[in-house]
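To start, the structure itself, in C-alpha cells.
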Amino acid sequence: MTQSDYLCDLNDYQKEAVVSNATSLQILAGPGSGKTRALTTRVAWLVKNKDIPSSSIVVVTFTNKAAKELKERLDEPHLLGSNLSNGLVIGTFHSFCARMLRKHVDLTPLKKNFIIADEERSRNMVKAIFKEHKSSLSPQNQKLDSEKFRRWISQEKNKGIDSIAYKSLYKNDIEKMDIARIYCAYEKQLQDENMTDFDGLLLHCRDLLRNNSALVDFVEHVLVDEFQDTNALQYDLLKLIARAGEKSITVVGDPDQSIYGWRFADKAHFVKMTQDYEGTVIVNLKESYRSTKHILSGANHVVSKDDKRTPRQLFTNNNQGVPISILRANTDTLEGEMIANEIKRIVELSDGLVKYKDIAIIIRMNFLTFNFAQALTQAEIPFIVITGKRFLDLLEVKDILAYLSFFYNHRDLSSFIHLINVPKRGLGEISIKKIHLLAIEKNWTLVETIQNIVDKHPATKGMRIMSKAILELKRLLDLQKQVQEKLDKKESISDILQCIVDSIDYSGYLEANYQSDYQVKSANIEELIAFARQQDCEVSENEKGIDALGRFLESVTLCGNLKEQEEAQDGKVCVITAHAAKGLEWTCVFVAGCEQGIIPMERSADMDEESRVLYVAMTRAKCFLYCTYAAQRKRWYGYQQTVFTNLLRDLPVTDYQRQLPTWNTEVRFWVSQVLRLPYKEDGALLLEDHGDEDGDK
DNA sequence: CCGAACCCTGTTTTT
DNA sequence: CAGGGTTCGG
C-alpha cells in the first residue's frame, strides 16, 4: 500500500501511532506533542488505507469543544474531507449515550420523550428528597447538606452501581442505608418524571449495551480522546462498545494531565487497559513542539513531585527561551496591576509578534477572575473571561426552557415547579404538592392533572386551590395547547419560543424584577431564540415538530456553552481556569495566584492532582511563562497573608528568574522560531498577515 | 402565601 | 459580606 501524502508531515512517533495495526493501542501524548494530529490522522488512515467505512468508526471525546475540533480537522480535504467524514460517529460520551438511548428507547427503562436533567435540576431534586427524608435519617446524616448526598450518588453511578445494586450491597450498613434510601427515591423521582441525569445517560446506556450487544455491531474501531479523564463507568462503556477486544480500540491521552479526579476520573485506566486487552501497544509521542526548553523543564519539575508517577521522556527541539518569571506582588490588586502592565509591555516590545489574543491569565479558582477583570478593565486591555459557566445555566434562559421542557414532557415536575411562578401565579408549595400527589394517585401527567382541575373533574373535589390560581392554570393550559398546535403544524422551535416569551409577557416580568440587569437578561433571551433559529435550519423536514423539540432540548442540555468559542480569539486577553484551558495554548501565559491554599487547593483530596493542575497550566505557554502571587489576598472579607506555593518553591535556580523577561532582536528572533512564523536572517520580522498562529483554524 | 427580619456558613475544577 | 436558609407576622 502506498504511503499517502497526508502521512508525510508526521514525526516517527506520530507515524508509528497512526499506522499501528494493533487492535488495542495507547497513544501517550504529552503537551504539544501533536495529539490531535495523531488522532485525526489515524482516523483518516483507517478509512483511507484500511478501508474501514467511516460509519463504523466511533470517536468519543469528553467535551463538545474537542468533538467539534476533531470534526473540523477531519473535514479538511487532506485528511478525510467532508464527504468521507460524514458518516463518522463523533461526539462526547454523553451525546453518544443519549443517541443510543433515544434510538432504542423501548429497550430501556426510559419512556419516549425522556429528557436529560441538568445539574441544577438534579440538585433541586435531591434537595427536596433530602428534606423529605431528613427526619428518618441518622443524627449524623441529618446534619449534612443535600449536596453531599448528591455527590455520593453521582459517585456510585459513575462506579456503575445503580440504586438497586447499592441497596443490596450495603444492606447491613446503617449509615449507607440512609444514602441508599435517598438514592432510590431520587431514581424513582427521575423515572416518574421521565428523566435521567448526566450520569444516568451513561448508566442506562451501559445496561442497554450489556443486554443488547448487537446494537454496537456496526462498530469496527473506537477511538477515545483524553483517555486519562475516563471514569470506571465510561471505561466499562468503552469495553462494551469495543466488545472487550473483539473490535479495535485506540486511546489517546496523557496521565500527567489527569485533572478530573474529582469527577471520578482515574488515570489508572491506562494500566487497566493493558491488563484487559491482550497485546496492547503503547506509543509515546516524545517530541513536544509547543514550549521552550525552560518552560518544559519547569513544568516537568512540578509534575515530578508525584513519586508514584512513571517518568516521561518528553523533549523539545525548540529554543531554550527565557527562564520562567516568578513575580511577587504585595496585594492581589497589585498583582493584577503588575500583570496588566506586563501585558502592555509585551505587546509593545514584541513588535507585533505577540498580540492580546496570544496572552492568557490562568487561574485555579473562578473567584479570582474578579481581581484580574478589574485590573484589565482599568488598564483598558480588551479581555474575555471564560468562566465555564454555561449559557443555559443563566436563570432567564432556564425560565424559558422550563416551559419548553414541560410542554415536551408532561411529567416534568421540576420544570413545572420552576415555571409555575415565573411570572407569579399565586401557587405555593402546598398547591403544587396537591397537584403532584393527585397526578401520582391517578397516574395522570401534570398537564392532564391541571386540565382536570380546571375542568373540575370529580376526582379534584377535595382540592382547595384559590380561584385566582385556577384562572392562572387555565391560561397556562391555553398556552400549552397553543404550543402543541404549533408543534403539530411543525412550526420552528424559535417561533415557539417567541410565542412563549410573548404570551407570558416575560420582558414585563424581567423589567419588574430586575432593574439593572434587565437589558442583559432580555438580550440573553434574544440569544436563546437566535440559537434556536440556527438549530431550526439544521433540522431536516421530516424531523420537525415534537422530535425537533426533543433534539433541541438535548443539544441545549448537553452543550452548555453556545458562544464562547468564537469570542475567544478576537484580539482579547483570555482569563481562564486551568481546567478550561486544557488543550489550549498561548504565546504568553500568566499563572496567577500561585499560593498555598490556591494551588494546591486547600482541601483538595489529591495533592498529586494539584501538581498536575499546575503542570497543565504551565504547559499552555509557548514562549513566556509567568507565575505570580500576592502576599496578601482578599478572602471573604478582610485580607489574608499568603505564602508562595510549595509546588514551585524548589524550582532549580536556572529555571526561573525574579524579573521580567528582556526583549531585544535576539529574543524576537527565537520567539518567531518557536511560533514558526516567517522571519528574515537579520532578525527583521515579516509580520504582515501571518494569520492565526494557534493553528486551530 | 408572601415578605421582612434574622441566622448561618463559607468560597474548586465541569460533562 | 453575601447568599441561602429559616422563622414569624401579616
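Just so it is clear, the values below take in all heavy atoms, side chains as well, and ignore hydrogens, waters and symmetry mates. All chains are named by letter (A, B, ...) in the order of the sequence lines, taking the proteins before the strands, and each is independently numbered beginning at 1.
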Ring-base stacking, A/Trp262 with B/dT13 (5.5 Å, 30° cut-offs):
yes
Could you check whether A/Phe93 gets within reach of a base, just the sugar-phosphate, or nothing at all, counting any heavy atom under 4.0 Å?
nothing
P spacing across the pair C/dG5 / B/dT12, given as an integer number of angstrom:
16 Å
Would you say a side-chain N or O of A/Thr63 is under 4.0 Å from OP1 or OP2 of B/dT14?
no
So, with a heavy-atom separation below 4.0 Å from DNA chain B, the residues of residues 590-603 of chain A are A/Met601, A/Arg603
What's A/Ile430 touching, base or sugar-phosphate or nothing? Going by heavy atoms closer than 4.0 Å.
sugar-phosphate
Ring pair (Phe, Tyr, Trp, His ring centres under 6.0 Å) partners of A/Tyr183, counting only residues at least two apart
A/Tyr166
Classify the nucleic acid contact of A/Asn366 as base, sugar-phosphate or nothing, counting any heavy atom under 4.0 Å across all strands shown.
sugar-phosphate
For A/Ser154 and A/Arg263, which I'm curious about, is there any donor-acceptor pair between the side chains at under 3.5 Å?
no
If you check every side-chain atom of A/Lys424, which of B/dT15, B/dT13, B/dC2 has the closest atom?
B/dC2
Is A/Lys127 near enough to C/dG5 that one of its side-chain N or O atoms lies under 4.0 angstrom from OP1 or OP2?
yes
The nucleotide from B/dT12, B/dT14, B/dT15 with an atom nearest the side chain of A/His579 is B/dT14
Indicate, with yes or no, if the rings of A/His579 and A/Tyr260 have centres closer together than 6.0 Å.
yes
Can you tell me if the side-chain N/O atoms of A/Thr577 get under 4.0 Å from OP1 or OP2 in B/dT12?
no
For the side chain of A/Arg364, counting heavy atoms from C-beta on, which of C/dT6, B/dT15, B/dT13 is nearest?
B/dT13
When the distance from NZ of A/Lys134 to P of C/dG5 is rounded to whole Å, what number comes out?
11 Å
